[in-house]
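One structure is given here, and the rest of the page talks about it.
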There are 2 protein chains.
Amino acid sequence: MEKGGKLFHPGLSLDCVIFGFHDNQLKVLLLKMEHTDHWALPGGFVYKDETLEAAATRVLQERTGINDIFLQQFHVFGDPARSDRKYHSNRLKKLGIEAEKDHWLLNRFITVGFYALVEFSHVTPTPDNTSVACEWQHLHNIGNLFMDHRQILDKALETLRQQLNYQPIGYKLLPDKFTMPELQTLYETILGKKLDRRNFQRRMNSYGILRRLKETRKGGAHKAPYLYSFNLRKYQQALLEGLQGGW
Amino acid sequence: MEKGGKLFHPGLSLDCVIFGFHDNQLKVLLLKMEHTDHWALPGGFVYKDETLEAAATRVLQERTGINDIFLQQFHVFGDPARSDRKYHSNRLKKLGIEAEKDHWLLNRFITVGFYALVEFSHVTPTPDNTSVACEWQHLHNIGNLFMDHRQILDKALETLRQQLNYQPIGYKLLPDKFTMPELQTLYETILGKKLDRRNFQRRMNSYGILRRLKETRKGGAHKAPYLYSFNLRKYQQALLEGLQGGW
DNA sequence: GCAAAAGTGTTAAGGCTACACCCATGC
DNA sequence: GCATGGGTGTAGCCTTAACACTTTTGC
């Protein structure tokens, strides 16, 4: 906290919007802040000799325990008014640190937004030292967010929608084996609209990126759906061109 | 140059890829650097109390004389190895400035890439104080670029392609009145491939965003093509949904 | 046996591609 | 008059969207 000024690239931070999919719901990993009812995106600073991507990977590893993460920068947020100097000033006081006027944390920060796609079950949510909890929240039921984090989240979602046909979104968010209705719900959640079941299946099958397994998902209350897995090689190939058609 | 450390946000720059269209060619505005055969993208720094967008607008205003500019950030380039400390160190020496080791210019810089679309005929190319010339260069015939500027340019072009159906690209790059073949050439240049003349016309007309004027472009060596102008209101509206179909 | 979810096929409409002919102009 | 580019229409194919019935399962 005191040495940050020497260790980190000045005036620069990054924030990560980490998406996961569970219970047929799209979720975002958030940190509960101390002494307020605000939540924050996991974020961090960039070491002086570190690439942005490495810094984001590091942050994600610390919050989720996952190493192999799909990460993508999507926007820089640089409004001079976005920095909350008061928050950091209070926080430093509480930590008993002499908050000089030019303390590195009290300057303006420009933040690079990254979004990440992770497999829900692989994640071990871990708070950082500025927060009291680290939890998944339903995308459509998110509480008060810190500073401009709401705006960052919205922009991430917008980007995710646009890139749905060009990024391995299903592959990164779903477990190895999944059912067609699960895949469809994922698409519906991201796009925010209902899709036709039959047309969805046909389209997905036509891409040739799925392998239907012989197993079915038992235990549900109804007809057992087939399990599928991705044919990764064909998926990657298909993404280069973009999956045909829009939703 | 000496006060920069106090005026600017530290370790942060921006670079602009300025696209124009002339002679049925897509062009990029570049700066010729002193004492080398390298060219650079117009760039600059961000004042401590300035938004990124305002800084980019300022840079563009200075290089082109244009105020109302279409600008979009597209990527952050943050590789620690991208900064060319040697270049700045030499330059400072030549300027007779004592280049202390911690001079603000000699630190690592992270740069935000913006692309701009401008109407060629409105631009008055103006070099900055680090360059000896400011000129348009054909997109497909660009010389040696400084540092990672080639990479920045390529990424800008990639983004432009992806956003072709979602941004007012024709409107910003073409003069008020233009012909259908000109519009088509613009699309072909950006996409890097030939399109069918008849299908292109039909598609463009079907969007309902063009108004065919009664005039034709005379003076060409052949049949005089009609002039068109954009129906701006409908264009804006159509872009919200994205122009249908891909190329 | 009933409610709820999953699997599947057909049809009609619209969009896309490919293609050929006529017209205007400058030389 | 000829070479060159501009304007236009059509037919076949493919994709998409809309839609209903049957099957399986747990209760």
Side-chain angles (χ1 to χ4, degrees), chain A residues 21 23-25 164-166 170 174-175 177-189 191-229 238 241-247, chain B residues 21 23-25 164-166 170 174-175 177-189 191-229 238 241-247:
Chain A
F21 193 66
D23 271 346
N24 270 345
Q25 292 262 1
L164 190 55
N165 291 327
Y166 299 90
L174 291 170
K177 299 176 182 180
F178 53 90
T179 67
M180 194 62 85
E182 282 162 3
L183 182 60
Q184 182 174 343
T185 307
L186 173 57
Y187 271 69
E188 289 178 338
T189 312
L191 295 170
K193 66 180 179 191
K194 288 277 166 205
L195 302 172
D196 183 279
R197 214 156 40 91
R198 292 154 285 198
N199 294 335
F200 183 82
Q201 293 228 17
R202 189 185 5 254
R203 174 104 66 115
M204 279 297 154
N205 284 326
S206 76
Y207 294 148
I209 61 178
L210 295 179
R211 216 192 335 256
R212 181 158 105 177
L213 309 177
K214 294 201 173 139
E215 317 162 59
T216 53
R217 162 103 67 222
K218 313 236 163 151
H222 306 290
K223 179 167 179 176
Y226 285 102
L227 288 170
Y228 289 80
S229 66
E241 310 259 307
L243 303 176
Q244 293 313 319
W247 299 98
Chain B
F21 192 65
D23 272 347
N24 270 344
Q25 292 263 1
L164 190 57
N165 291 327
Y166 299 91
L174 290 170
K177 300 174 181 180
F178 54 89
T179 68
M180 194 63 85
E182 283 162 3
L183 182 60
Q184 182 176 344
T185 308
L186 173 58
Y187 271 68
E188 288 179 339
T189 313
L191 295 169
K193 65 181 177 190
K194 287 280 169 204
L195 303 172
D196 183 278
R197 212 155 42 89
R198 293 153 286 199
N199 295 334
F200 183 82
Q201 293 228 16
R202 191 188 2 259
R203 172 104 67 116
M204 280 297 153
N205 285 326
S206 76
Y207 294 148
I209 61 179
L210 296 179
R211 215 193 336 260
R212 182 158 102 178
L213 309 177
K214 295 201 172 136
E215 317 161 60
T216 53
R217 163 101 69 222
K218 314 235 161 149
H222 306 290
K223 178 168 179 177
Y226 287 102
L227 288 169
Y228 289 81
S229 67
E241 309 261 306
L243 303 177
Q244 294 311 319
W247 297 99

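In what follows, chains carry the letters A, B, and so on, assigned in the order in which the sequence lines appear, proteins first and then strands, with residues in each chain numbered from 1.
Straight-line distance from the CG atom of A/L195 to the P atom of D/dT15: 19 Å, rounded to whole Å. The CG atom of B/N205 sits 14 Å away from the C1' atom of D/dG6 (whole-angstrom rounding). For the pair A/Q201 CD and C/dA5 P, the interatomic distance rounds to 15 Å; values are reported in whole Å. For the pair B/Y226 OH and D/dG6 C1', the computed distance is 10 Å after rounding to whole Å. Counting to the nearest Å, the C1' atom of D/dG7 and the CD atom of B/Q184 are 12 Å from each other. Between the CZ atom of A/R217 and the C1' atom of C/dA6 there is a distance of 14 Å, given to the nearest Å. With rounding to whole Å, A/D196 atom CG is found 11 Å from D/dA20 atom C1'. Taking atom CZ of A/R197 as the reference point, atom P of D/dA18 lies 15 Å away to the nearest angstrom.
Residues that satisfy the side-chain hydrogen bond (donor to acceptor under 3.5 Å, both in side chains) test with B/R202, not counting sequence neighbours, are B/N199.
Between A/G170 and A/L183, the closest heavy-atom pair is CA-CD1, 4.4 Å. Residues A/Y226 and A/L213 come closest through the heavy atom pair CD2-O, 3.8 Å. When all heavy atoms are compared, the tightest approach of A/Q184 to A/D196 is NE2-C, 4.0 Å.
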Anything under 3.5 Å between a protein N or O and an N or O of nucleotides 24-26 of chain D, put it in a table, one pair a line.
residue	atom	partner	partner atom	Å
D/dG26	O4'	A/A221	O	2.9

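Residue B/L227 is the one, among B/L227 and A/R203, whose nearest nucleotide of DNA chain D lies closer to the 5' end (criterion: closest heavy atom).
Across B/R197, B/K193, B/K194, a single residue satisfies salt bridge (charged side-chain N to carboxylate O under 4.0 Å, His left out) together with B/E188, and that is B/K194.
Counting only heavy atoms from C-beta outward, the side chains of B/T179 and B/L227 approach each other to under 4.5 Å.
Side-chain proximity of B/R202 to the nucleotides C/dG9, D/dG6, D/dG9 is greatest for D/dG9.
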With side chain to side chain contact (heavy atoms under 4.5 Å, CB included) as the criterion, how do A/Y187 and A/M204 come out once you've worked through the C-alpha distance, each side chain's angles and the decisive distance to 0.1 Å? CA-CA 11 Å; A/Y187 271 69; A/M204 279 297 154; 3.4 Å; yes

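With hydrogens and angles ignored, no donor-acceptor pair under 3.5 angstrom links the side chain of A/R198 to the base of C/dA6.
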